[in-house]
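Here is the structure we will look at, set down as structure tokens.
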Amino acid sequence: MASQDWFDKDFYKVLGVSKDVSDADLKKTYRKLARKYHPDSNPGDAAAEAKFKEISEAYSVLSDPEERKEYDQIRAMGSGARFTAPGGGAGGGGFDDVFGGMFGQGGNQRYTFQQGGDFDDVFGGLFGNGRFGSSSGGFRGYGGPTRGRDVTAHTTIDFVTATKGETITLQASDGKPIKVKIPAGVADGQKIKLRGKGQPSPDGGEPGDIVLTVTVRKHPVFEREGLNLRVNVPVTFAEAALGATIEVPTLGGDPVKLRVAPGTPSGRVLRVKGRGVETSKGTGDLLAVVQVAVPSHLSGEAKEKLEEFAATLPAENPRDDLLAKARG
């Protein structure tokens with residue numbers, strides 16, 4: 001800044017503070033004004049941008065003890081008088097010559113606007129990177145208020161809650177309860193972002209988020225496959241061979257009846273439309289996987305009847321095709 005400007009501009013008035021303002025109050029006032037007039041908060045407002053530069057200029061001088069002392073001395077000596085710039089008129093010497101000698105700088109030395117010391121520390125804390133920089137782009141090189149830190153958290157929920165969705169209550173580190181809406185269909189290990197629930201900003205910016213990782217307890221019967229639910233359904237050998245109508249459980253509802261066709265092999269999937277996971281993106285199905293249950297104990301009569309049945313079967317080895325494929 002040219003030293004003539006130190007006569008023309010009342011930096012205390014620009015910031016709205018008294019001449020005996022403390023460093024702490026000066027910083028507090030500057031922060032408040034910087035947030036109000038920052039270009040990121042007033043996009044396209046040339047007047048706000050000019051005001052922001054003006055208060056930044058004022059604070060850069062008043063926050064530096066040495067520059068503030070020199071500024072006060074110049075303002076006290078000037079008492080409203082104006083000096084001509086070097087070569088600007090009769091009388092010789094001029095403003096720079098007078099103050100160059102007074103502060104030991106020599107002729108034609110100008111006092112320039114510096115970003116340094118406390119100004120950078122405050123500006124860096126307020127807008128992210130210091131020296132007007134910003135990793136988020138900013139406005140014409142200016143950064144923005146610092147965003148609060150994100151907080152990571154974990155919670156474990158049961159299978160039904162994960163499938164149906166529910167609002168649960170968690171306890172924050174400060175002991176305050178936080179309501180969390182668990183969406184229907186949340187998967188094990190999925191992350192839920194709670195916007196604005198993280199650490200507050202130190203300088204009036206947006207608060208951070210809570211990033212919640214969800215662990216889903218296993219269900220004793222059902223498994224998830226995307227939006228589908230899978231359940232293993234045991235059937236007897238006779239049911240699989242002769243055909244039968246069986247009951248299959250559903251998640252949170254009454255069982256449904258399914259027809260098992262004669263000759264159904266173990267592992268066949270019977271589909272029940274629309275009885276899977278229901279979300280805003282769609283609804284899955286219930287997949288009933290047939291598992292032929294082999295009796296572990298047979299009475300003498302049952303064993304005899306089964307042997308008679310086996311004797312009536314064709315002399316085929318059901319593994320012949322498998323063995324042939326394995327041999328290549």
Side-chain angles (χ1 to χ4, degrees), residues 14-17 22-64 113-157 165 167-183 186-187 189-215 280:
V14 168
L15 297 174
V17 296
S22 66
D23 291 341
D25 287 341
L26 180 69
K27 182 183 295 186
K28 182 179 179 180
T29 300
Y30 169 70
R31 285 178 178 269
K32 182 178 180 181
L33 292 172
R35 284 194 293 268
K36 180 178 180 181
Y37 292 104
H38 192 273
D40 282 353
S41 301
N42 303 274
D45 189 336
E49 181 182 358
K51 182 67 175 178
F52 177 76
K53 291 180 179 179
E54 186 180 15
I55 62 177
S56 298
E57 182 181 53
Y59 183 74
S60 72
V61 173
L62 299 184
S63 62
D64 185 290
F113 171 51
Q114 298 288 333
Q115 298 175 9
D118 193 51
F119 178 77
D120 268 346
D121 293 339
V122 173
F123 210 87
L126 183 61
F127 298 115
N129 287 326
R131 295 203 179 273
F132 301 97
S134 172
S135 60
S136 59
F139 181 83
R140 296 185 183 177
Y142 296 99
T146 307
R147 184 176 177 277
R149 292 181 180 274
D150 289 344
V151 176
T152 58
H154 295 77
T155 189
T156 300
I157 60 177
T167 298
I168 64 174
T169 301
L170 301 179
Q171 188 174 28
S173 58
D174 58 3
K176 294 181 179 180
I178 299 177
K179 296 287 187 181
V180 181
K181 184 177 181 180
I182 301 296
V186 65
Q190 184 173 331
K191 290 178 170 54
I192 299 175
K193 182 174 289 187
L194 309 177
R195 296 193 179 279
K197 300 296 185 180
Q199 292 291 328
S201 166
D203 47 40
E206 293 184 358
D209 303 329
I210 291 179
V211 181
L212 180 66
T213 301
V214 178
T215 298
S280 59

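All residue numbers refer to positions in the sequence shown, counting from 1.
When all heavy atoms of Thr29 and Leu15 are compared, the closest pair comes out as CG2-O, 3.2 Å. Closest approach of Gly196 to Asp209, counting heavy atoms only: N-OD1, 2.9 Å. Residue Ala58 comes nearest to Val14 through the heavy atom pair CB-CG1, 4.1 Å, listed as atom of the first residue, atom of the second, then distance. Here the shortest heavy-atom pairing between Arg31 and Asp203 reads NH1-CB, 3.8 Å. Smallest separation of non-hydrogen atoms from Ser56 and Tyr30: OG-OH, 3.6 Å. When all heavy atoms of Thr169 and Pro177 are compared, the closest pair comes out as CG2-CB, 3.7 Å.
Considering NZ of Lys179 and CD1 of Ile168, their distance stands at 10.0 Å, rounded to 0.5 Å. The distance from atom CD1 of Ile55 to atom NZ of Lys36, rounded to the nearest 0.5 Å, is 9.5 Å. In this structure, the separation between CG on Leu170 and CG on Leu212 is 6.0 Å, given to the nearest 0.5 Å.
You'll find the side chain of Val180 stays beyond 4.5 Å of the side chain of Ile210, heavy atoms only. Side chains of Ile157 and Ile182 form a contact here, defined as non-hydrogen atoms less than 4.5 Å apart. Contact of the Lys27 side chain with the Tyr59 side chain is registered, since non-hydrogen atoms from C-beta on lie closer than 4.5 Å.
In this structure a side-chain-to-backbone donor-acceptor pair under 3.5 Å is present from Asp45 to Ala48. For the pair Ser201 (side chain) and Glu206 (backbone), a donor-acceptor distance under 3.5 Å is absent.
Salt bridge present: Glu49 and Lys53 bring a charged side-chain N and a carboxylate O closer than 4.0 Å.
No more than 12 heavy atoms of other residues, nucleotides or ligands lie within 6.0 Å of NZ in Lys32, so this atom counts as exposed by the packing criterion. Around the CD atom of Glu54, the shell of radius 6.0 Å holds more than 12 heavy atoms that belong to other residues, nucleotides or ligands.
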